[in-house]
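Okay, structure first, notes after.
Read the numbers this way: they start at 1 and go in the same order the structure lists the ligands and their atoms.
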Amino acid sequence: MISVNENCFFLHTRHTTYAFCITKYGHPEHLYYGERLDEPDAAAAPLLALKRTAQVGSTIAYSQEDLNYSLDILPLEYSSAGCGDFRNSPIEALMPDGSYSCDFLYTGYKIMEGCHPMKTLPCATGTEDVAALCISLNDTRNEAELDLYYTVYEKTDVITRRCVLKNRSSSSILLRNLASMNLDLISQNFTMITFDGGWAKEAHIHKRRISYGITVNSSVTGSSSNRHNPGFFLAADGYTEQTGNVYGFNLIYSGNHQGLAELSGHDTVRVQLGINPHCFSFEVKPDEEFEAPEAVMTFSSRGLGGASRHFHSFINEHIVRGRWKKRPRPVLYNNWEACFFKFDEKKLLSLAKEAKGLGAELFVLDDGWFGSRDSDTSGLGDYDVNKKKLPGGLTGLASKINSMGMKFGLWFEPEMVNEDSRLYRTHPEYAVVIPGKKPNLGRNQLVLDLCNPEVRDYIVEHVGQILDSASISYVKWDMNRHITDAYSPCMKNQGEFYHRYICGLYEVLDRIFSPRPHILLESCSSGGNRFDLGMLCYSPQIWASDDTDPIERLKIQGGLSCLYPLSCIGAHVSASPHQQTLRSTQLSTRFNVAAFGCLGYELDLDNLTLAERREIKKQITFYKKYRMVFQYGTFYRLPSPKDNKVCWQCVSPDRKHSAAGFFQTLSGASEGPDVLMLSGLKRDISYTVSTKPQNLYIEQFGELTKHVLPVELNPNGLILHTANKYYTLTDCVEHYRGKGALIMAGIPLNNQFMGSYYNENTRLLGDCGSSLYIIEAEDA
Ligand code: DGJ
C-alpha cells in the first residue's frame, strides 16, 4: 500500500514501512525503513527525520538561506553530484554542459496499480497487492530527468527500486554510473553479509562489520559471478538467524554488479546497488533514456532467516514466471558426471533405463552430443547432432526416452564458440575479440558477441531448430567462461559492451523460450557463476555448483538459501569419493542434502550395487512425497550450538508437514547431546517426529563388524565386500510426539556412537553422517 501525505510518501508491506519526504528544496529525504508503522501521517516526517538544528562543521551549505541544510548529511533517496554530498554518488554523468555536476529536484509523482514493466530489462511481475510509485525529478538545468520507481510487494514484504534517466537536452549525456537505488540509513553498527567464492565453492557466507569508508560487493567478470553474488544483507548489531533487524538487497541483473555500504563520518550508512561502473559508459542520446536494473530490498526484525524467507516468497511469486511457477520440479538424471564426453546411444539408454527404474522423471543429456565435441577443445557453436554417438539423432533418442516414460532434456552452451568449430571458421567475426589482439581463451573457448543482432539471430534460429526437432522438455543453458577482450564492432562506445551483452542475452532467452513455454529452463554457468534474479526471470531453476560433495553443498546451498528459495536450487546426488574433493560420503547424506533443492542424480547408475539401487529408489519415492515441502515449504536454517552440525527445516504452508535435516560434518569423540531445535510448527497441535529410515553399508564399519555380526568377517575379504552389495543395516530410527510448542523447545536426540557400545538406538553418524526427520501433524 502506498500513501501520500503532504509530500510524505509511506510505502507499507505486511510487516514493513518505508518512508520518505520531499525537502523544502525538492530533494527526496529518506525518513524510515523498518517495522510497519500503523497509519503515520505528515506529522511523522519531522519526528522521523534526522534533525538539522546545527551546522555540521566542514560541510557545504546547499543554500546560504539555511546553513544547516547540507546534502552531505541528509539521508537521501537519491543523490546527485557536485553539490556538496561527498559520499559515494549514485550517478556519474558527463552532462551536456561538459561538467559532471547534476542536481535532481522533485517535480511530481504518480501511483500505479501493479508493477510498471521495464522496456530493456527483466523485472519483477505482479498485479495483485502490488503498487508502484514513480517520483519524478528534474535536473536544475533542465537537461535531464530522473524517475525513481518504487514497487511495493505487500504480501512478500519486498520493495523494489529502480531509476530511469531521460536526456532532455539536445546533446548526448555520457553515463558512467547510474545506481539502481540509493538508501541512506542511520547506522545500526551493521554487519555486511555477502555470498562469495569461486568455481566449486559458490556462495559461502562471509560476514564483516562495516567500518568508515566503503565496503564493496561487486563483480567485473561479465556475469553476476561465482565470486560475489549480487545479493547481500546488512544486519544490525546483535542480530541472529532468528532475531534482530536485517536489511536484504539483491539485483535483477546478470552482468557486472556493484553493491556497497558506506559508513559516513556522520554515522549514516549509504547503500547502493546497480550496474558496476567499472568499464561502463553509456551514451544516452537526446530524447533517449537509460533504465537501471531493478533492485530488490527487504527488511525483517526476525533476523537473517526472516529476511531470507521474504526473498523466498517474493522470488516464487514475482520473479519466477510462466508455466513452471510454483510447479513441482521434476526429479532428473543428468549424464554429465557419469560420461563426460564419452558416450554412445547404448550407454545413454542403459543409464536412462536405470534412471527410470529408480523413479527419475527426466533424463538430461549434457555436453558432447553435437559436432566434434569429444572434449572441451572443439565443437562449441555447431549444433548438428553427432551421428556417430547418436545414430537416430536427438529425435530418435528423445522418443526412446519418452517411450520409457521419461521426459527428455538437453544441454546447450549457446553463448560460446571454440576456435576449432565450423561456426568460428565461417564467422570469426561472431566472437568477442579486440581487433589486432590475440584473445584470451577460457576453457578453450571464446564468447559470442551477443551485442551483435546477427549473432543473436544465429543462436535463436539454431537452438530453436534443435528444440523443435525432438521432444525436448528441459534445457540446461550453460556458460563456461568469464568475459575478457570486451569489444564489439557493433558499437562505437565500448563502455556499453557488458550491459549490451546482458541485454542481448535476455533478448535471446526471451525469443527462444517465450514461444516454447513447456520447456523447463535450468541455467548454469560452470555451476553457480550466474545465480541471480535476472536469470531466474527466464530459468525457474539454476544449477548451484559443479561441486556436489554434500559437505561442500551445506555451505553452497546454505549460502544460496539466504537469498533464493529451494525451488530454484539444482542439487544432485553424485558418486563417492567425490570428483572435486575426493571426500567419501554416505549415499544417505548425499541425498539428504540434495533433497533441500531440486533433486537430481548424476552418478553412473550402471555401477550401482543392488543395495544402492534399492536405497535410491526409496529416496526418490520419499522425495516425491515431500517434494512440495522441500521445494516450496517455508525454510529455516535451524540453530545449532555446535560448529560441526548444520540443521535445516522445511515446513508446508499449512504447517502440518515438515522435514528437517540434521547434518554432521566431522564427528567429535564422545560428544554431548545433540538437540534438534525445530521451527515453524503450530504451537498447540500435536505432531509426531520420526527419523526417515536410511541404510548403513556394512563395509563402512570395517573391522567393527565383528562386534555386531554373529560371524567374524575379514574387513578386506570378499565375503564382506560381496555382502555389502546386497545387505544393509538400518540406521537408528527415533520417534517422538508432542505439542508443537514442546517440540520447538528442542528435542535432545539419542546418543551418537561413542565407541563404548552399540545398540539399535544409537545414532551412527560418524564423519559426514546425517538424518532426515519427518514431522507430521497428528490430525493431518
Ligand atoms: C559445466 C557445468 O556446470 C557442468 O554441469 C556440465 O554441464 C559441464 N559444464 C559440461 O561441459
Does the side chain of Tyr697 come within less than 4.5 Å of Gln586's, by heavy atoms? no

Can you name the side chain to side chain donor-acceptor pair (under 3.5 Å) partners of His228, sequence neighbours left out? Asp196

Got a second to check how far Glu552's CD is from Thr585's OG1, nearest 0.5 Å? 11.0 Å

Show me the pairs that pass salt bridge (Lys or Arg N to Asp or Glu O under 4.0 Å) and involve residues 312-324, at least two apart or across chains. Glu317-Lys326

Any idea which residues sit under 4.0 Å from ligand 1, heavy-atom distances? Trp336, Asp366, Asp367, Trp411, Arg443, Lys476, Asp478, Asn480, Cys524, Ser526, Gly527, Trp543, Asp546

Quick one: sort the Phe591 and Phe622 rings into parallel, tilted or perpendicular, breaks at 30° and 60°. perpendicular

For Asp767, all residues meeting salt bridge (charged side-chain N to carboxylate O under 4.0 Å, His left out), sequence neighbours excluded: none

